[in-house]
Colleague: 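Structure below; questions to follow.
Just so you know, these numbers come straight off a predicted model, no measurement behind them. Just so you know, these numbers use all the heavy atoms, side chains as well, and skip hydrogens, waters and symmetry mates.
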Amino acid sequence: MDWQWPFSVQQAREFQTRAASQLQLTPFQHPVRCIAGADIGLPNKGSMVRAAICTFDANCLTPLELSIVTLPNTMPYIPGLLGFREVPALVRAYELLENKPQLVLVDGQGIAHPRRFGNASQLGWQLNIATIGVAKSKLTGEHQPLEAPPGSVQPLIDENHIVGYVLRSKARCKPLYLSPGNRVSTEQSLSFVRQCLDGYRLPKPTRWADAFASNRPSAAKLLKLLSPDKVHQIT
DNA sequence: GCGACAG
DNA sequence: ATCTTGTCGC
């Protein structure tokens, strides 16, 4: 698929509805040995799109590989169409990985989207891989008030059905909005993310991806924990 | 018409 | 998201 801005927003929405019907939301059945986190940053005042994907051993959560791809940014931010801005760079970053992860946690929504096709779903659909949406705020849906203790959960309901979960991943922090992207179930989205929590609000894979994509001060420190030959970059 | 609106 | 000063809590 080749969507070059400016394109018809209406046609893009129709594409999302059509592609969403092709998503697989049944439980992922194979062993997950490698989990990745994926995120986008916008360097140079948004003139560039930088994708970062970092892979981890699924059991001990030690970092394995990192890929960073920077491309010119074309699209503006349009709520509901985030995938068209982010996915092309994420695909390039994914292609650089020597060892492909069985599961990718993506910053943003999965099916918790007006047309059930958030950026996490779009990445999973295009690559035909398992993805989970890990969003820091809500796009659509409603839920009961969340209890204060960490670990509290509420189902996220949209149009009368469960599209994901709202999780208090850390005390005194705003919750996470989790939803399946592709090839995982709603229940698995919750359990896989919980498995990747390590005391911070964001699960380790997306936290590292965010650090590299947005070039946080912590990125330099994290980079030292990776073998130089396991770091791939395209600029 | 008005409010909501991932990143 | 990005930019950026100041503040609060552990």
Colleague: Rounded to the Å, how far apart are R172(A) CZ and dG9(C) C1'?
Modeller: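 Nearest whole value for this atom pair: 8 Å.
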Colleague: Might you confirm whether atom NE2 of H161(A) has over 12 heavy atoms from other residues, nucleotides or ligands at distances under 6.0 Å?
Modeller: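 Check passes, neighbour count above 12.
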Colleague: Which is true for S214(A) with a 4.0 Å heavy-atom rule: it touches a base, it touches only sugar-phosphate, or it touches nothing?
Modeller: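 Contact class for S214(A): sugar-phosphate only.
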Colleague: Within this structure, what is the CG-to-P distance between D107(A) and dA6(B), rounded to whole angstrom?
Modeller: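 Computing the D107(A):CG to dA6(B):P distance gives 12 Å.
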Colleague: How many Å lie between CZ on R216(A) and C1' on dT4(C), as a whole number?
Modeller: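 R216(A) atom CZ is separated from dT4(C) atom C1' by 13 Å.
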Colleague: Expressed in angstrom and rounded to an integer, what is the separation of Y177(A) atom OH from dG7(B) atom P?
Modeller: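 In whole Å, dG7(B) P lies 10 Å from Y177(A) OH.
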Colleague: Do you know which two heavy atoms are closest between T186(A) and P180(A), and how far apart they sit?
Modeller: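 Taking T186(A) first and P180(A) second, the nearest heavy atoms are OG1-CG, 3.7 Å.
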Colleague: Select base, sugar-phosphate, or nothing to describe what L81(A) touches, counting heavy atoms under 4.0 Å on all strands.
Modeller: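 Here L81(A) touches the bases of the nucleic acid.
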Colleague: To the nearest Å, how far apart are D39(A) CG and dT2(C) P?
Modeller: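 From D39(A) CG to dT2(C) P: 8 Å.
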Colleague: So what does L82(A) touch, heavy atoms closer than 4.0 Å: a base, only the sugar-phosphate, or nothing?
Modeller: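 Counting heavy atoms under 4.0 Å across all strands, the contact made by L82(A) includes a base.
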Colleague: Taking atom P of dG9(C) as reference, at what distance in whole Å does atom OH of Y200(A) sit?
Modeller: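 Taking atom P of dG9(C) as the reference, OH of Y200(A) is at 20 Å.
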Colleague: Looking for any heavy atom pair under 4.0 Å, which part of the strands does G133(A) touch: base, sugar-phosphate only, or nothing?
Modeller: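 No contact.
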Colleague: Answer with yes or no whether the side chains of H232(A) and E65(A) bring together a donor and an acceptor at under 3.5 Å.
Modeller: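 Short answer, yes.
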Colleague: Looking at every strand, decide which applies to G118(A) at a 4.0 Å heavy-atom threshold: base, sugar-phosphate, or nothing.
Modeller: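 Answer is base: heavy atoms of G118(A) come under 4.0 Å of a base.
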Colleague: In whole Å, what is the span from the CG atom of L156(A) to the P atom of dA4(B)?
Modeller: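 From L156(A) CG to dA4(B) P: 17 Å.
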Colleague: How many Å lie between OH on Y77(A) and P on dT2(C), as a whole number?
Modeller: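 In whole Å, dT2(C) P lies 13 Å from Y77(A) OH.
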Colleague: Considering non-hydrogen atoms only, spot the tightest contact between L197(A) and Y200(A) and give its length.
Modeller: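 Taking every non-hydrogen atom into account, CD2-O, 4.1 Å.
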Colleague: Between K136(A) and dA1(C), is there a side-chain N or O to OP1/OP2 distance below 4.0 Å?
Modeller: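 The answer is yes; a side-chain N or O of K136(A) sits under 4.0 Å from OP1 or OP2.
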